[in-house]
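Any value given below was found using the heavy atoms of this structure, including those in side chains, with hydrogens, waters and symmetry copies removed. Every number for a ligand or one of its atoms is a count from 1 in the order of the listing.
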Amino acid sequence: MAVENSYEPCDFVLFGTLGDLSRRKLLPSLYQLEKAELIHPDTKIIGVARQDLTVEDYIAEVKANIEKFGGSDLCEATWSRLCARLDYVCVDMKDINSFKTFDEHVDPSRTMVCYLATPPAIYGDICRGLHSCKIIDSSVRVVLEKPIGHDLESSKNINDQVSEYFDEKQIYRIDHYLGKETVLNLISLRFANSIFATNWDHNCIDHVQISVAESVGIEGRWGYFDDAGQMRDMVQNHLLQILSLVAMEPPTTLDADSIRDEKLKVLRALRPINASNVSDVTVRGQYTSGFVKGEEVPGYLEEDDANTQSTTETFVAIKAEIDNWRWAGVPFYLRTGKRMPTKVSEVVIYFKRQPHNLFGASFKNLPPNKLVIRLQPDEGVEITVMNKVPGLTSTGSMDLQKSKLNLSFSEAFADDRIPDAYEKLLLEVMLGNQALFVRRDEIEQAWTWVDSILDAWEQSNEPPEPYQAGTWGPVNSIGLLARENRSWYESKQVKTK
Ligand SMILES: NC(=O)C1=CN([C@@H]2O[C@H](COP(=O)(O)OP(=O)(O)OC[C@H]3O[C@@H](n4cnc5c(N)ncnc54)[C@H](OP(=O)(O)O)[C@@H]3O)[C@@H](O)[C@H]2O)C=CC1
Ligand SMILES: O=C1O[C@H](COP(=O)(O)O)[C@@H](O)[C@H](O)[C@H]1O
């Protein structure tokens with residue numbers, strides 16, 4: 001990716017540093033970047049939260065988090081470098097007066113990165129607080145966590161509040177799927193390989209499937225999740241971003257706006273789903289109790305703090321159509337759900353069948369080629385091809401067998417650790433490269449499409465279809481493809497390393 005700014009020291013300010021995301025993902029990612037010596041030696045990390053802690057208490061908290069969530073034994077040399085960067089400020093972000101001493105902790109002469117790992121409802125308050133310290137200038141970058149808003153209107157409202165103080169060039173909206181190695185690899189796979197670049201349209205592709213299955217439930221986040229549902233939590237952002245990368249036209253360059261312009265065009269071309277077609281092209285489900293990986297798990301309505309009347313969806317399947325020249329008549333089937341049998345994310349491209357069969361009656365239904373892009377957990381790329389079975393036959397006929405060309409990242413790049421998505425994204429913010437962050441117009445276009453589906457579901461008054469935890473979702477999601485003589489790809493992923 002093109003990097004606009006150089007490697008320079010910054011003040012990295014982590015708002016909400018004691019929250020779940022910071023503890024589980026952001027602080028361990030900063031530690032990994034430190035280990036890889038990718039943070040500028042003079043960069044400072046300043047945690048901000050409303051608990052009254054000393055810097056020593058904060059350092060002890062961070063150390064405990066990294067030991068818990070860092071994934072390996074703490075490297076003392078790395079920790080001592082990271083620890084030397086840490087500072088802490090107690091701020092009630094809703095109270096503008098509480099920002100009074102904030103500016104004593106940062107150096108206005110250098111770049112400041114403000115990562116807002118807080119509820120989006122207080123993004124505006126934080127911006128106002130920073131403004132009150134007179135430290136916002138064009139060198140400040142602000143990172144916003146998802147989901148930005150609950151619908152188009154609230155999203156616009158949050159974006160308006162932030163853009164009162166920051167120009168779009170300073171705003172980095174996170175979608176952590178854009179930091180995953182395999183999601184990034186969609187760009188190289190498509191545009192660095194002529195075999196794909198020239199076969200990537202309605203002439204050659206029959207349909208596309210994008211599945212993001214999770215085995216976890218809602219992980220104690222009932223309050224957040226029940227208000228959001230799988231549509232806002234996963235489809236509005238992660239699945240639509242993957243779809244855009246799969247479907248976009250070649251960008252002119254790899255700079256941020258070239259890529260984002262192309263993704264936006266795809267989002268704009270998504271055929272609207274509304275009350276007239278919602279029941280034909282969408283399925284929503286809610287898990288009931290069952291077994292996941294041999295363990296008994298409660299249903300959604302039996303989770304801690306559950307409202308037993310909730311009709312929030314934990315599963316969504318959609319047949320999406322992109323109304324443009326390249327994708328005319330090629331459905332994109334999207335599927336995502338909680339409490340499915342395993343955690344697996346895949347993009348599967350089904351190519352068209354051969355127009356004519358040379359291989360006789362026993363191969364009447366020559367299967368189409370498939371390109372399987374394994375996003376996680378066993379990252380890799382696989383193509384299924386038909387191959388002659390070696391050997392002689394008494395009739396002289398040719399025996400065919402389905403075979404795989406398989407690139408497994410864990411085998412091909414055995415010495416390389418696959419970095420967590422947040423490591424990549426934190427590094428990109430520090431470098432000042434916006435290519436892997438979502439522009440305001442993309443977010444709003446995605447909301448426009450999603451809001452229309454959510455409205456149609458509400459109007460229909462139909463409750464979500466139950467599915468047992470540990471299964472691949474409601475029966476109707478199978479029907480969504482079956483009635484078009486297709487079926488969901490059955491994942492074979494097993495993490496090998
Ligand atoms: N957790 C996750 O896995 C993911 C989270 N996100 C997003 O990241 C953001 C943070 O989520 P998460 O970490 O789960 O949320 P948490 O509620 O766990 O953490 C939020 C943090 O913000 C602090 N905070 C809230 N209000 C104030 C205030 N007025 N003044 C000072 N501090 C305040 C909280 O402090 P206190 O502890 O004192 O309440 C807490 O430290 C959200 O936007 C969420 O949607 C996105 C993807 C995944
Ligand atoms: O943003 C979110 O993503 C996670 C899934 O992320 P992954 O990297 O583990 O695939 C999801 O569980 C969570 O509900 C959602 O908020």
Please report which non-hydrogen protein atom sits nearest to [atom], along with the residue it belongs to and the distance in Å to one decimal place.
atom	result
atom 1 (N) of ligand 1	D20 OD2, 2.7 Å
atom 20 (C) of ligand 1	A117 O, 3.8 Å
atom 10 (O) of ligand 2	Y177 OH, 2.4 Å
atom 26 (N) of ligand 1	I122 CD1, 3.5 Å
atom 3 (O) of ligand 2	H176 CE1, 3.4 Å
atom 5 (C) of ligand 2	E214 OE1, 3.6 Å

Identify, by atom number and element, the atoms of ligand 2 in contact range of [X], meaning under 4.0 Å from any of its heavy atoms.
X	answer
K146	1 (O), 2 (C), 15 (C), 16 (O)
K338	11 (C), 12 (O), 13 (C), 14 (O)
D233	13 (C), 14 (O), 15 (C), 16 (O)
K180	7 (P), 8 (O), 10 (O)
K343	7 (P), 9 (O), 10 (O)
H238	1 (O), 2 (C), 3 (O)

Going by a strict under-4.0 Å cutoff (protein heavy atoms only), does [atom] have a neighbour on the protein?
atom	result
atom 34 (C) of ligand 1	no
atom 37 (O) of ligand 1	no
atom 17 (O) of ligand 1	no

- Query: Under 4.0 Å from ligand 2, counting heavy atoms only, is it the side chain of E219, its backbone, both or neither?
  - Reply: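 For E219, there is no contact with ligand 2 at all, from either part.
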
- Measure F225 to ligand 2 on non-hydrogen atoms and call it side chain, backbone, both or neither using the 4.0 Å cut-off.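 The answer is neither.
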
If we only count N/O pairs under 3.5 Å, is [X] in contact with ligand 1?
X	result
D92	yes
G19	yes
R24	yes

At a 4.0 Å threshold, what atoms of ligand 1 neighbour a non-hydrogen atom of [X]?
X	answer
P120	43 (O)
K94	29 (N)
L18	41 (O)
G16	21 (C), 22 (O), 41 (O)

For [X], look at atom [atom1] and say whether over 12 heavy atoms of other residues, nucleotides or ligands are found less than 6.0 Å away.
X	atom1	answer
E458	CD	no
D167	CG	yes
D52	CG	no

- Query: Taking non-hydrogen atoms only, is Y123 closer than 4.0 angstrom to ligand 1 via side chain, backbone, both or neither?
  - Reply: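 Only the side chain of Y123 comes within reach of ligand 1.
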
- Query: At under 4.0 Å between heavy atoms, which part of K25 makes contact with ligand 1: side chain, backbone, both or neither?
  - Reply: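 Near ligand 1, K25 shows nothing, with every heavy atom at 4.0 Å or more.
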
Salt bridge [X]-[Y], side-chain N to carboxylate O under 4.0 Å:
X	Y	result
D160	R440	yes
E346	R374	no
K169	D257	yes

Looking at ligand 1, does [X] have a heavy atom less than 4.0 Å from it?
X	value
R23	no
P147	yes
V91	yes
K146	yes

- With respect to D11, which candidate in R110, K44, H105 satisfies the side chain to side chain donor-acceptor pair (under 3.5 Å) definition?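 Answer to the side chain to side chain donor-acceptor pair (under 3.5 Å) test with D11 among R110, K44, H105: R110.
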
- Message: With side chain to side chain donor-acceptor pair (under 3.5 Å) as the test, pick out the partner of D175 among K180, H238, K146, Q236.
- Response: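 The residue from K180, H238, K146, Q236 that satisfies side chain to side chain donor-acceptor pair (under 3.5 Å) with D175 turns out to be H238.
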
Checking side-chain polar atoms at under 3.5 Å, does [X] have a donor or acceptor matched by the opposite partner on [Y]?
X	Y	result
Y300	D226	yes
T182	N185	no
W222	S310	no

- Nearest heavy atom to atom 42 (C) of ligand 1 wins, so pick from T118, L14, L21, T17.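 Looking at heavy atoms only, the winner is T118.
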
- Which option out of R50, E145, M93 puts a heavy atom nearest to atom 47 (C) of ligand 1?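 Among R50, E145, M93, the closest heavy atom to atom 47 (C) of ligand 1 belongs to E145.
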
- Centres of the Y467 and F315 rings: under 6.0 Å?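 Between F315 and Y467, which both carry aromatic rings, the centre distance is below 6.0 Å.
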
- Task: For R173 and N159, run side-chain hydrogen bond (donor to acceptor under 3.5 Å, both in side chains): C-alpha distance rounded to whole Å, both residues' side-chain angles, the deciding distance at 0.1 Å, then the answer.
- Result: CA-CA 10 Å; R173 295 182 190 81; N159 280 319; 3.1 Å; yes

- Nearest heavy atoms of F99 and M93, plus distance in Å: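 So the minimum-distance heavy-atom pair works out to CE1-O, 3.6 Å.
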
- Message: Please give me the minimum heavy-atom distance between L431 and R141, naming the atom from each residue.
- Response: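 Where L431 meets R141 most closely, the heavy atoms are C-NH1, 4.0 Å.
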
- Item | Sole residue of D92, D125, V89 in side-chain contact (heavy atoms from CB on, under 4.5 Å) with S98 |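 Single side-chain contact (heavy atoms from CB on, under 4.5 Å) partner of S98 among D92, D125, V89: D92.
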
- Decide side-chain contact (heavy atoms from CB on, under 4.5 Å) for F196 and L189; before the verdict, give the C-alpha distance in whole Å, the side-chain angles of both, and the deciding distance to 0.1 Å. CA-CA 7 Å; F196 299 129; L189 198 68; 3.8 Å; yes

- Task: Using the side-chain contact (heavy atoms from CB on, under 4.5 Å) rule, take K338 and D233 through it: C-alpha gap first, then chi angles, then the decisive distance, then the call.
- Result: CA-CA 11 Å; K338 309 254 186 250; D233 189 44; 3.2 Å; yes

